[in-house]
A.B. asks: 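Before we start, here is the structure in question, set down as structure tokens.
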Amino acid sequence: MLSLGEWLLFLFLWRPLLSAVGEGFSLSLPAPQNLTIKSYNFQNVLSWSPVKGINGPVFYRVQRCLPSDRTWEKVNCRDITKPECDFESIKNSLRIILRVRAEEGNLKSEWSETDSFVAQKDTIIGPPRKINVTSEANTILISFLPPFEKRSNFSSFDYTIYWENSENKAQTMNTVHKFKDLKERTTYCFRIQAKLHGLEGEKSGIHCAKTTITDGTRILHCILIFIFVFLMLALVFLLLMIIRKYQNIIKSFWQPPLTIPTHYTEDLNDPEMITIEEFHNSAAEDPCEIISVTSKAEDDTILTSFASEHS
């Protein structure tokens, strides 16, 4: 059993002893695994699974080389703790290889290498930016920006504009394009795709605009409306003239002839009924007496007047 002094000596010397062991066995940390390169619009990122340290934090070192000469050079990722590295290619058209190593003090891991990477081939080009679609009459104007700001060593983009369906497309190198002589009052939808060195990018979202009528169509509509109103007024005037000229004929159509009710017709056809001539003759032979009807008030007035005259 160790004494107290021996324990204190061990605690004091264990770090130097561990460093000496690390110098003798420098490849003691596990190598980084699952190396992956993702590139979007030539923004390249190398990532890997983190390595667990023994006594403290783990740092990483990244290098790159050309497969032809295998001369490794440093990149801008040295002594980093995050398991990823943003790097630039030597040249976008060149094939490169990257490697990464974990370090903790004097402890180092083996190098882990990636597959070969060519930015111009393996990057993903995004869709054009800030797409604006406006319409005027039967014309639609499309303007947009490239997927990213071009650098000095980049050539120009080629653009494909898809509209209505995948079969209708237009090729252009400009970021402004005009579609002419389209159908009036029709909605058109567009998608734009950029291409660089034969590498096709992602298609943009769908952007739509609706055409309006042209000045010529607007004038034609006004003329047709004027002709329609003129014809309606002429028709009304003609109808009024016909009504005025043929008023009696129109009345005969609208007013049916007078007819005697059926029960009166049956009475008139009865042979026992007295005719008008018989009625007049009987009236002359037997004149009717005139009967006067007075009220009681009138009789009192008459009697009073008669009494005052004979008094």
Side-chain angles (χ1 to χ4, degrees), residues 125-147 156-195 200-270 273 275-277 279-280:
I125 298 178
R129 301 169 294 139
K130 297 184 179 180
I131 299 174
N132 186 31
V133 181
T134 56
S135 65
E136 181 178 355
N138 62 340
T139 300
I140 290 181
L141 180 67
I142 300 178
S143 61
F144 50 89
L145 293 178
S156 299
F157 287 96
D158 294 323
Y159 301 99
T160 303
I161 303 176
Y162 299 90
W163 56 291
E164 280 196 328
N165 52 61
S166 59
E167 297 179 358
N168 293 339
K169 56 186 178 181
Q171 306 289 339
T172 180
M173 295 182 61
N174 301 319
T175 56
V176 177
H177 190 77
K178 180 180 288 187
F179 290 88
K180 300 179 180 179
D181 301 326
L182 300 175
K183 298 177 182 178
E184 299 179 5
R185 293 180 176 178
T186 305
T187 300
Y188 291 89
C189 295
F190 303 87
R191 299 185 73 180
I192 309 175
Q193 183 183 37
K195 182 187 295 184
E200 295 183 349
E202 297 176 328
K203 292 182 181 180
S204 69
I206 299 175
H207 298 264
C208 301
K210 185 176 182 179
T211 57
T212 57
I213 60 175
T214 61
D215 293 337
T217 304
R218 188 176 291 106
I219 294 173
L220 179 61
H221 287 178
C222 293
I223 294 174
L224 292 177
I225 293 173
F226 176 78
I227 294 174
F228 176 77
V229 173
F230 176 78
L231 292 177
M232 291 299 296
L233 292 176
L235 180 61
V236 171
F237 179 77
L238 181 61
L239 290 175
L240 292 176
M241 293 297 295
I242 293 174
I243 292 173
R244 183 176 181 181
K245 185 175 182 179
Y246 301 99
Q247 183 175 4
N248 295 331
I249 298 176
I250 294 173
K251 284 183 177 181
S252 66
F253 281 106
W254 287 98
Q255 295 181 357
L258 297 175
T259 57
I260 301 174
T262 305
H263 60 282
Y264 289 147
T265 304
E266 294 176 354
D267 293 338
L268 292 174
N269 293 330
D270 188 359
M273 286 191 64
T275 62
I276 297 176
E277 291 79 2
F279 178 77
H280 285 299

A.B. asks: What's the separation between atom CD1 in Ile131 and atom CD1 in Ile142, rounded to the nearest 0.5 Å?
C.D. replies: 8.5 Å
A.B. asks: With sequence neighbours left out, write down each residue that passes side-chain contact (heavy atoms from CB on, under 4.5 Å) with Met173, or none if nothing qualifies.
C.D. replies: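 Met173: side-chain contact (heavy atoms from CB on, under 4.5 Å) contacts with Ser156, Asp158.
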A.B. asks: Between Phe179 and His177, how do the two ring planes meet: parallel, tilted or perpendicular, split at 30° and 60°?
C.D. replies: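 Taking His177 first and then Phe179, their aromatic rings stand perpendicular (interplane angle over 60°).
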A.B. asks: Write out all pairs satisfying side chain to side chain donor-acceptor pair (under 3.5 Å) with one or both partners inside residues 129-143, taking only residues at least two apart or from two chains.
C.D. replies: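 Qualifying pairs: Arg129-Glu149.
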A.B. asks: Hey, does Leu182 have a side-chain heavy atom less than 4.5 Å from the side chain of Trp163?
C.D. replies: yes
A.B. asks: Is there a side-chain contact between Thr175 and Leu145 in this structure, where contact means two heavy atoms from C-beta onward sitting under 4.5 Å apart?
C.D. replies: no
A.B. asks: Looking at residues at least two apart in the chain, or sitting in another chain, which of them share a salt bridge (charged side-chain N to carboxylate O under 4.0 Å, His left out) with Lys178?
C.D. replies: none
A.B. asks: Enumerate donor-acceptor pairs with a distance under 3.5 Å from any side-chain N or O in residues 185-194 to protein atoms, sequence neighbours excluded.
C.D. replies:
| unit_1 | atom_1 | unit_2 | atom_2 | d |
| --- | --- | --- | --- | --- |
| Thr186 | OG1 | Glu184 | O | 3.0 |
| Tyr188 | OH | Lys183 | N | 2.9 |
| Arg191 | NE | Ser204 | O | 3.0 |
| Arg191 | NH2 | Ser204 | O | 3.3 |
| Gln193 | OE1 | Tyr162 | OH | 3.2 |
| Gln193 | NE2 | Gly201 | O | 2.8 |

A.B. asks: Could you give the distance from CZ (Phe157) to CG (Asn174), rounded to the nearest 0.5 Å?
C.D. replies: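 The distance works out to 14.0 Å.
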A.B. asks: Going by the rule side-chain contact (heavy atoms from CB on, under 4.5 Å), which residues pair with Ile227 if we only count those two or more places apart in sequence or in a different chain?
C.D. replies: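 Ile227 satisfies side-chain contact (heavy atoms from CB on, under 4.5 Å) with Ile223, Leu231 once adjacent residues are dropped.
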A.B. asks: I'd like to check the side-chain contact (heavy atoms from CB on, under 4.5 Å) partners of Val236; sequence neighbours left out, ordered by chain and number.
C.D. replies: Leu240
A.B. asks: How many angstroms lie between CG in Asn168 and CD1 in Ile161, if you round to the nearest 0.5 Å?
C.D. replies: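 That separation rounds to 12.5 Å.
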